[in-house]
**Student:** 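Would you mind keeping the following structure in view while I ask a few things?
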Amino acid sequence: MSLKPEDFFKNVISHCKEYGYIFQSSEIYDGLSAVYDYGQNGAELKKNIREYWWKAMVQLHENIVGIDASIFMHPTTWKASGHVDAFNDPLIDNKDSKKRYRADVLIEDHVAKIEDKINKEVEKAKKRFENFDEAMFRSTNARVVEYQNKINDINTRFKTAMNASDLDAVKQLILDCEIVCPISGTRNWTDVRQFNLMFATQLGSVSDESSTIYLRPETAQGIFVNYSNVQKTGRMKIPFGIAQTGKAFRNEIVARQFIFRMREFEQMEMQFFVKPGTEMEWYEYWKKARLNWHLSLGLGETHYRYHDHIKLAHYANAACDIEFEFPFGFKELEGIHSRTDFDLKQHEEFSGKKLQYFDNEENRSYVPYVVETSVGLDRLFLSIMSSAYKEETLEGGETRSVLSLPPALAPIKAGVFPLIKRDGLPELAEQIVNALKLDHMVIYDEKDAVGKRYRRQDAIGTPYCITVDHQSLEDQTVTLRERDSMQQERVKIADLNRILDEKVSLKSLLKTLI
RNA sequence: GCGGAAGUAGCUCAAUUGGUAGAGCUCUAGCCUUCCAAGCUAGAGGUUGCGGGUUCGAGACCCGUCUUCCGCUCCA
């Protein structure tokens, strides 16, 4: 394939639209930025991916159960989780350089510069005096004390302003500090604006402060708030997991790269509750288990890599991503985080309810630690789509576009064709469709030459085509044509259901995990 | 959100630089056809992204707006 990566990616996007996988949302109204709809084939593929994940998690693990929590949650949830604070970035633009900055980062950088000055004073003094008492110097040197007071003052003002959501005060602070834009060097700033990454809406008909609720920015909290319910009613014993798939919403500043970063997206998450102190074992276990799951799709081992986080989020004591090589480079596909007891402890504090586990072996209660696996369903969809899509050049110079989807995930498992549209062949083909459709997604097609019908199925990733010819009427056999190799074999009609079961059912994929 | 580029049929693209919006593929109906995008006939599909303006006349020029792509910025 001699295409440049960005051209290849464009072709993937076009293919998704042309064959009913993904449409832009509200396209007839010019679309909505970074929101997409799944079409007739996309919905099937997405559903199959979700089902494979769910079965691999819930059905294959006795100690993992699934739930389906609401998108709306009590507003305090997001205070406890840290999202109200962490997701509220105050932003400011420099009118000359047209660059945008986070106001808090500008102020932090400014504070860091003053700290540098202090450190320089300390270094100088160190060289000058023997028996240097650093603590004493820091608390008595006039210049250092002045700097330190300045820092304290800035930090206090910033904290007060942020707690009061007083954005004008934040701007005033930036002006008072005489902070300049690193690019333009000017102090020509816009007002500070809050950019909340959570979507807010009103619950009930009266809109006041207390009725503001958010669309969840992650699904994990739905699991944490139900921890006790599930643990008790499900008689779950640690270690155990709670799995969930569902939509989450983030008002991204820039959302791009097709369905890679959308404002509305679907997560598939599993929170695994473990005894404190054992979390690193389980973290390593799930790192391996999740990579294995991805590898089972057969997209190629070299497309995946781990990326361990060095800078950890406020809630984690270990974190890594499983990255996938998209047409635009290696990007996060799944996150595996050791979230400690941060979330449950926060919810204990904010709700006043105990979220603990009584360990019979140890005869004590504790707040469990959590190891999270969180994968983006849409990203998974894109990873599968972009590695399945191929433009092949066949012998004779003609090209065919084919989606080499993992057979078990393909929207349509088999196309059933009469070789020609008469002599009773359509009737027999219809009978075959009716016999197969209880177990498998199959379609019937009699339009155009059979070769063309094969190519149509190739383009949407149908792994098998079944063709009824005149011989079929005599000996009840048909040809079975495989998508990737284009090889055909003659099989008995009576064996079709079993063959499809072996080759295209989710069971065939799940078997590889055990 | 900033800067740059683009937007014409489902797809890929034309339209003499301001003068009748067209082709191929796809799609639909029919004919023909014994296994890899064959052929024939007929048909459908468009307020040229949207809204203004200039002009006798705008797909083309100007302004605004929406969307997409590229680069910044952002991505707990």
Side-chain angles (χ1 to χ4, degrees), chain A residues 4 6-7 9-11 13-15 17-20 23-36 39 78 81-89 91-102 105 183-184 190 193 195 197-198 217-218 220 250-258 260-261 263 309 311-316 319 328 331-332 335 337 339 342 392 394-396 398-402 417-423 425 446-459 465-473 478-483 485-490:
Chain A
K4 282 188 288 181
E6 57 266 34
D7 290 334
F9 188 44
K10 274 181 188 166
N11 289 350
I13 295 169
S14 310
H15 197 85
K17 187 195 171 183
E18 192 166 354
Y19 292 94
F23 307 123
Q24 200 184 0
S25 163
S26 325
E27 195 187 271
I28 61 167
Y29 292 107
D30 282 336
L32 191 60
S33 183
V35 186
Y36 291 90
W78 307 114
S81 69
H83 285 86
V84 171
D85 296 326
F87 265 78
N88 271 309
D89 296 335
L91 300 175
I92 189 165
D93 292 352
N94 184 272
K95 289 178 189 165
D96 298 313
S97 66
K98 310 282 187 198
K99 294 290 171 193
R100 162 169 295 183
Y101 302 92
R102 275 173 55 175
V105 172
I183 306 288
S184 67
T190 62
R193 280 169 299 174
F195 201 93
L197 279 102
M198 288 196 289
E218 65 172 25
R250 290 182 199 179
N251 198 2
E252 302 281 356
I253 299 173
V254 172
R256 240 189 257 160
Q257 279 161 327
F258 197 38
F260 183 79
R261 178 166 292 128
R263 300 221 155 88
H309 289 203
K311 194 182 130 206
L312 295 170
H314 58 277
Y315 52 71
F328 41 86
K331 297 277 179 185
E332 178 185 356
H337 298 166
R339 294 181 76 127
F342 176 84
E392 286 184 350
L394 304 175
E395 293 168 37
E398 38 169 7
T399 61
R400 75 162 182 157
S401 57
V402 51
F417 314 142
L419 186 57
I420 55 169
K421 204 170 33 173
R422 59 163 198 232
D423 303 339
L425 301 187
E446 60 174 27
K447 175 75 183 163
D448 298 314
V450 72
K452 197 165 185 173
R453 284 176 265 165
Y454 287 148
R455 297 301 170 82
R456 270 205 285 266
Q457 295 307 315
D458 289 341
C465 290
I466 296 160
T467 303
V468 175
D469 57 18
H470 289 93
Q471 190 187 332
S472 308
L473 299 173
V478 290
T479 59
L480 185 69
R481 181 258 194 193
E482 199 271 333
R483 175 193 64 202
S485 64
M486 299 192 284
Q487 296 293 311
Q488 299 185 60
E489 59 173 323
R490 200 141 195 112

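Just so it is clear: chains get the letters A, B, ... in the order the sequence lines come, proteins before strands, and each one is counted from 1.
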**Student:** Taking the minimum atom-to-atom distance to the side chain of A:Asp469, which one of B:rC27, B:rC35, B:rG10 wins?
**Tutor:** B:rC35

**Student:** When you measure only distances, ignoring hydrogens and angles, does the side chain of A:Thr479 come within 3.5 Å of the base of B:rC35 through a donor and an acceptor?
**Tutor:**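 Yes, a donor-acceptor pair under 3.5 Å.
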
**Student:** Report the nucleotide, chosen from B:rC27, B:rC35, B:rU34, that has the shortest atom-to-atom distance to any side-chain atom of A:Arg456.
**Tutor:** B:rC27

**Student:** Using the C1' atom as the reference point in each nucleotide, state the distance between B:rA37 and B:rC11 in Å, no decimals.
**Tutor:** 15 Å

**Student:** When the ring centroid of A:Phe9 is compared with that of A:Phe328, is the distance short of 6.0 Å?
**Tutor:**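 Yes, they do, as the ring centres are separated by less than 6.0 Å.
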
**Student:** Which of the following nucleotides, B:rU34, B:rU26, B:rC36, is nearest to the side chain of A:Arg481?
**Tutor:** B:rC36

**Student:** Could you tell me how far B:rG30 sits from B:rC69 if I compare only their P atoms? Round to whole Å.
**Tutor:**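 The same atom, P, in both gives a distance of 41 Å.
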
**Student:** When you get a sec, tell me which of B:rU34, B:rA76, B:rC11 is the closest nucleotide to the side chain of A:His470?
**Tutor:**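 Of the options given, the side chain of A:His470 lies nearest B:rU34.
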
**Student:** Nearest to the side chain of A:Lys17 - B:rC75, B:rC11, B:rC36?
**Tutor:** B:rC11

**Student:** Could you please name the option among B:rC69, B:rA76, B:rC36 that lies closest to any side-chain atom of A:Tyr36?
**Tutor:** B:rC69

**Student:** Per the atom types in the model, does the base of B:rC36 pair as donor or acceptor with the side chain of A:Arg400 at under 3.5 Å?
**Tutor:**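 Per atom types, no contact qualifies.
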
**Student:** So does A:Gln24 get a side-chain nitrogen or oxygen closer than 4.0 Å to the phosphate oxygens (OP1/OP2) of B:rU68?
**Tutor:**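 Yes, within the criterion.
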
**Student:** Rounded at 0.5 Å granularity, tell me how far NE2 in A:His15 sits from OG in A:Ser401.
**Tutor:** 5.0 Å

**Student:** Say we look at B:rG4 and B:rU20: how far apart would their C1' atoms be, to the nearest angstrom?
**Tutor:** 36 Å

**Student:** Angle class for the A:Tyr454/A:Phe417 ring planes (parallel below 30°, perpendicular above 60°, tilted otherwise)?
**Tutor:**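 If you compare the ring of A:Tyr454 with that of A:Phe417, the planes turn out tilted.
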
**Student:** For B:rC11, does the base pair up with any side-chain atom of A:Glu18 as donor and acceptor (N or O, under 3.5 Å, distance only)?
**Tutor:** no

**Student:** Does a nitrogen or oxygen in the side chain of A:Arg422 sit under 4.0 Å from OP1 or OP2 of B:rC32?
**Tutor:**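 No.
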
**Student:** Please test A:Ser14 against A:Asn11 for side-chain hydrogen bond (donor to acceptor under 3.5 Å, both in side chains), starting from the C-alpha separation and ending with a verdict.
**Tutor:** CA-CA 5 Å; A:Ser14 310; A:Asn11 289 350; 5.0 Å; no

**Student:** Give a yes/no on whether any side-chain N or O of A:Lys10 is located under 4.0 angstrom from OP1 or OP2 of B:rC69.
**Tutor:**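 No, outside the criterion.
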
